[in-house]
Structures are given as structure tokens and as C-alpha cells.
Amino acid sequence: MYRAGLNPEQAEAVVYLGGHLLVLAGAGSGKTRVLTCRIAHLLAERIVEPRRILAVTFTNKAAGEMKERVGRLSPADAERVRMGTFHSICAWILRREASSGGWPENFSIYDADDQKSLLRSLLRNTPIETKVTPGAAQTWISRWKNSMVDPGKAEDSAESDQEREIARLYAAYQSALRRNGAFDFDDLLTVVHGYIRQETDAGSRYSRMFGHILVDEYQDTNLVQRGILKSLGGPGSSVCAVGDDDQSIYGWRGARVSNILDFPEDFPGTRIIRLERNYRSTPAILAAASSLVSFNRGRHGKALWTERPAGEPVRARSLANPEDEAAWILKEVSDLSSRGVSPGRVAVLYRTNAQSRVFESAALLEGIPCQVIGSLRFYEREEIKDIVAWLRVLANPGDRISLARVLNKPPRGIGDKSKALFLAGLDASGADPSEFMKRAGRIPGLSRGSISSLEALGSFLAGASALAAGGAPAAEVVDAVLAGSGMLDALDPSTVEGSSRLENIDEFRRSANEYDSLHPGSGLAGFLTTISLMTTSDAYDSGADRLSLMTLHCAKGLEFDTVFIAGVEEGLIPFIRAGRFGPDDLEEERRLLYVGMTRAKDRLYLTWAERRARPGVTAGGVSRFVSEVSLDSGSTVPAPAAAVPDPVIGVPDTRFSRGNVIHHPRYGMGTVLKAVRRGGEWQLTIDFGMDEPKTLLTGYVPITIVREKGGFPVDAV
DNA sequence: ACGAAATCTTTTTTT
DNA sequence: AAGATTTCGT
């Protein structure tokens, strides 16, 4: 049953039991099918107990789908198979091992925003306060963690004073997380990695836990994930990794394609199976995509083939600007729709979330229903983050970041001063927040109003905590928070903003309810973990008959009848920012476009705008990648409105120097007093004829040179 | 202490 | 250009 319709290579990958297995699966070669069938085979033949199978996917959504598919093949056992992302599996282990590992059971999981606000407070009054942004610090720290570098090592290997300071910040950040009983995303992996590597009973238990481990999208794993896999796949277990080096698009996040190359070393005796037959795309699409990716040097190299009939040519189209591009695409979607291709089978893919807007309004105009995946993430909305912060405080009273966030939200008369006073007192006392609130009267320096607010808050918190600790369903706790925190009262349903927030809150309550019915008895802690690990692509609904709009990254693993890739422009795909941009980055950008192209089954369009305004730069013009796409298989030859510019690596670079006369959109004309290179940008001190000279950074606002120092006027762009 | 206005900051992609 | 944050006036 589960083997029906598989080709010989796929069948071999499904039934092979001789040890570790590496499946090099090209795009559209049916790897998901192989994975599900392999699990079904293990179950049906009773080769291993269901609970001793672990399947690691890239998103939770993929895990859910796999569970469903396996469930169809072997309904009895699918529920017992453990499936999830590396992050969710690590969160599960952390929860189970809290007491032996010495971390709080109800830890908080900090997302990028939480990390940044924590870093912002730690950066205050350090020597690098003005030189390093929270975001930059977060990137450094994340890189270190992904490469398994601890704060000590980071400081030792620092190559500059500034880097040394950031390494110290890293150390402070780690202890702050600890104080708050929190892990960030990277910690979920690194802490588990450290834990299961130990030779203790507790640690080694996990290396014996799973008899069969399957990992999807192995090309997008990092060093820590590789280490975790090595520990989990100890003696007695077989590891099956599936991946495609041509589809590695997360290098910027620490992913190493080399993990695939090194797999046979990590897991001796590995059998390698290649899947090169493509079942998805027409030959025209396949030829175009293969031609593009063949320009990459660092790759295994493979020859995808298909037996599908030729199909429509790949179309490339130049438009004047992004608005025209969106209008043209939506018109085409509408035409296709009247020819029987429903919008639900069509996707528009782009490089950056910011591009989605034009398409949304064009869809509205054309009357095409659409769904935007990712841009405004539900769990990043203000009001949702507020509820979540309250819930975190209930589950984890040590979480000061969350407590600080909601202490005076909605406004209840506790100003910044009282807030600081309270938090300092709380840390000094070591008491539980709700207890300390009830004793607020004893804190010197607080106003009457603050004290009574805090006291009221204390009794609300105590009640809600008791509810949560008693194992109440998540939805009940959510309702208690909504009522008790005053959040609901603070929103005005008659305003547009208020009613949309209330809708979001309602949606949140529904998701809590859904969680409760799916996981009875789990309560608040489980719900919090689940929503912390939710991802953007988890929102994609393939059943809805709506046009899908999403980034190229988000499209990984999906397929559509018709795919439009928009903004195939120099500077956008490949995305080039001033600063370092090496050959490896270029190759990753090429792979990203390749991933997008190979999502298409029947029809593929590449479009670009000749002009596009991006903050600070006028971009646009066809991408160099378009010329690398083979158009000899009957594809429409692109007819660019303008000549294809010479491929240039790097952003059109303006050189500023003292004495330039420049134009700024807000301040008008001015003279450059000082020009300093900072990163890839310029820090300019400019005299606009005001009292004080202004210092600002290029790259955010278009600054054009009107006259070179003492020279001739330069054309303003 | 609060809300409005000025000012500052910003890595595109996401687990 | 947009959003978050800080400062300012009440």
C-alpha cells in the first residue's frame, strides 16, 4: 500500500534498513512522500515501536501534515510517533528535564523582540552604547550560539575592542536570561545540545531513546542541530537525512550546507540514494531552473529529469514600476481564473515582505481573494504580545521582561519612576511578584495611587496564578487575564483600531480554546510553548481558494500550479546591501530564486520593475539571474524595456566628502562638513543653515549630491 | 502620569 | 518611509 507508485530509488529509500541513510532529493522529487512512506513502512512492518521514531521537519506545519499523512497510512500508530522541528523537540526535552537540568519548568521563550528589548537595557551605559544597536548585538550573539561559541570563547577570540565588548554583553545577556528563567530560540538548541551530550544517565537516555530518526531539509541545519542529531542518533539508531544542497537558503541564519557533505563522516556506513526524477514541473520550468542553478560553483551537481510533456514556456516580463508589475500580474491571475485555473493554485513570490502591499491592493482592485503569509505575524501584534506577557508572568513569575511590559498596561497610574522603584524592590526582596505587590505600601517613595494600583494588581495576579497553577485550561486563564488586567475595558470597540484589536484578541481566545481541546490537561504552560514556536508558514491554508502571497523563503516545501516571481531585480534578487556581499552570498541568492522557480508545476513567470523606490536608493532593472535562466526551450524571450545593465556587485556607491552640496528631502540643501564611512554607509555632518549642524546616516533617506566640492553639478537621480 | 509631538533607529529572509 | 522611543507640555 505505502509502496504503491514509488520509483525504484524512492522505494529503496523507503525500505532500506541497513543503517544510516542520506537521501539527496532534488526539487519535486517526492521526498516528502519518501519520508512519510518510510515511517509508514517502519510502523507497518513493526520494525520499531512508534514512540521510538523521531521525525524532524523544518516547520511545525510540515510536522502536522506529515502526522496527518502517516495517519492515513497507519491510523493506529501515527499519534505515537514524535514529530516536530528541532526547536519544538528541544523545548519538549527542556520541559521534561527541567529538574535534572536545573532550569525552571515553566521557562519563557524569548523571541527576537524580547531579545532586543533585553539587550537594549543591558547596553545602557556601556562603552558601546552608541556604536552597537540591539539588533546588531543580537545578530552577533546568535552567530556565536549557532557556532557553539560561549561568552568566554567569544571574548578570547575577539578581534577588536568592540567585539570584545559585545562578547561581554553576550555574557551579561546570558545571565540576564537565566535570572528571568528564559531561553531564546538559539538557547533551546544549545542548552539541549549540552545536556544530551553529557555522559550521565540523564544525558545518555536520549541517545538511546530513538531507534529511527528522520530529518527533512538537512541542508538548512546548523552546527548545533548537527550536534544534537549526532547525540540522538547514538549506537542502535538509524538516521535518515533528506536534503538538497541546491535548496540551502538559510546560510544567514547559521545553516551549513557542509552538514550534508559531512553526513557520511558523522554517521559511518551511510548509504546514499539520489532522487533526480522530478514529478512536479514541466520540462520548460525544469530547464530554466536547472540552467540558473548551474551557475553556482559550490554544489554537488545533479541532473533533474521529468517525463512530463513540454508545457508552456517560462515567461519573463519587464514592467515600468512595482505598481504596474502588480497590476499586470493580477490581471494575468484573473485571466487564468477565467480559463479555469483557480487563484488557490497560484502564488506570487517575492524577496521581501514589504513587497506584499502592492499585490494586496491590486488583488482588491481585480476582485481576487488573496492570503498574505507572514508579513504581519499574528503573534507579533501589540495586543497579543501583551496578553502573552501576562500569561508568561503567570507561568514564570521570574520573567521580569514580561512583567515590566505589562505592569502599567493598560495605563493604571504606575509611571516609569514607580515602575523602576517597584522592580528594584522586587529583585531585592526575592519575593513573588503578586506577594510583593500586595505589600507595595511598604516601598518608600511610591505615591498613593501607585500603591493602590499595585495592590489591586497583586490580588488579580495571585488569583490568576492560582488558576493557572491548578491546571486550568489555557482558555480559562486567558479570559481571566483579559478581564482582570483591564485590557478589554481599555479597548474602544467603536474605533477602527479598537475593534480590530478586539477581533485579534477574540482570535487568540479561539486558538487557546483549540489548543485545549487538542491537548486536554496540558494547560497554560503547553499553550505558551506552542505559540512561542509558531511560525509564519504555519498560517498558510492550502485549502482556501485564495491567491497566496509570500516570500521566497516562506515558499520552501510548497508547490503551486502557477508561480509568479516578482521583483527579479538587481539589488533585490540578489539582495544587495552596502557592506560585505561575497560570492557565497550571491550563490545563496541564486539558490533562493531556484527554490522559487521549482515551486511551479505548470506555469512560471518572472517579472521585474525597471524602477523601484527603496529607502535611500532608486533600485530596479532586471536581475543578472534572468540572463542565467535558459530560455532556449521555447520560452518567451524577455523584452526588457531598457538595456540590461552590466552586472555589478555592490550598490551604486556615492562618495561623499567635505564641501559637497547635497539635497535632503526634509531639510533641503546643505553643505557637508564631515563625511565618515560607517559600515557600508556614510555618517554625514551637514550644515543646513540652521543653528546646529545635523548628523545623519545615509541609506534611510535619499541624499543626493547637488554639487561636487568646488566642481560641476552632478545629475540628481 | 499621560498623551502628543519630536526624535531616533533601522539587516531582507525566520526557527 | 515607517516604527519605536524619548521628550515635552499639560
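In what follows, chains carry the letters A, B, and so on, assigned in the order in which the sequence lines appear, proteins first and then strands, with residues in each chain numbered from 1. Because only heavy atoms are used, hydrogens play no part in the values below, and waters and symmetry mates are left out as well, while side chains stay in.
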If I take atom [atom1] in residue [X] and atom [atom2] in nucleotide [N], what distance separates them, rounded to the nearest angstrom?
X	N	atom1	atom2	value
Trp252(A)	dT12(B)	CH2	P	11 Å
Lys116(A)	dA4(C)	NZ	P	11 Å
Asp111(A)	dT13(B)	CG	C1'	17 Å
Arg357(A)	dA1(C)	CZ	P	14 Å
Asp186(A)	dT15(B)	CG	C1'	9 Å
Asp416(A)	dT5(C)	CG	P	12 Å
Leu123(A)	dT9(B)	CG	P	12 Å

Tell me whether the OP1 or OP2 atom of [N] has a side-chain N or O from [X] closer than 4.0 Å.
X	N	value
Thr133(A)	dT9(B)	no
Asn408(A)	dA1(B)	no
Thr59(A)	dT14(B)	no
Asn222(A)	dT15(B)	no
Arg120(A)	dT5(C)	yes

dT13(B) to dA4(C) separation - P atoms, rounded to the nearest Å: 15 Å
With sequence neighbours left out, the residues meeting ring pair (Phe, Tyr, Trp, His ring centres under 6.0 Å) with Tyr170(A) are Trp144(A)
Contacts of Phe422(A) meeting ring pair (Phe, Tyr, Trp, His ring centres under 6.0 Å) (sequence neighbours excluded), chain-then-number -> Phe436(A)
**Message:** Please determine whether a side-chain nitrogen of the Lys or Arg among Glu217(A) and Lys556(A) lies less than 4.0 Å from a carboxylate oxygen of the Asp or Glu.
**Reply:** yes
Subject >> Arg599(A) with Glu559(A): basic N within carboxylate O range, under 4.0 Å >> reply: no
Judged by nearest nucleotide, the residue sitting upstream toward the 5' end of DNA chain B, Tyr250(A) or Trp140(A), is Trp140(A)
Heavy-atom nearest nucleotide on DNA chain B taken for Leu592(A) and for Gly415(A); more 5' hit belongs to Gly415(A)
Evaluate ring-ring contact (aromatic ring centres under 6.0 Å, His included) for Phe58(A) paired with Tyr218(A), printing each intermediate quantity in order. CA-CA 9 Å; Phe58(A) 193 70; Tyr218(A) 197 60; over 10 Å; no
Note to self: Would you say the base of dT15(B) stacks on Phe86(A) (centre-to-centre below 5.5 Å, plane angle below 30°)?
What the structure shows: no
Check your understanding: With stacking defined as ring centroids separated by under 5.5 Å and planes differing by under 30°, is Phe575(A) stacked against dT12(B)?
Key -> yes
Determine the contact category for [X]: base if any of its heavy atoms lies under 4.0 Å from a base atom, sugar-phosphate if only primed atoms, P, OP1 or OP2 are that close, otherwise nothing.
X	result
Pro134(A)	sugar-phosphate
Arg124(A)	sugar-phosphate
Asp220(A)	nothing
Ser88(A)	nothing

Item to check | Side chain Arg412(A), main chain Ser485(A), donor-acceptor under 3.5 Å | outcome: yes
With the side chain defined as heavy atoms from C-beta on, Arg253(A) is closest, among dT15(B), dG3(C), dC2(B), to dT15(B)
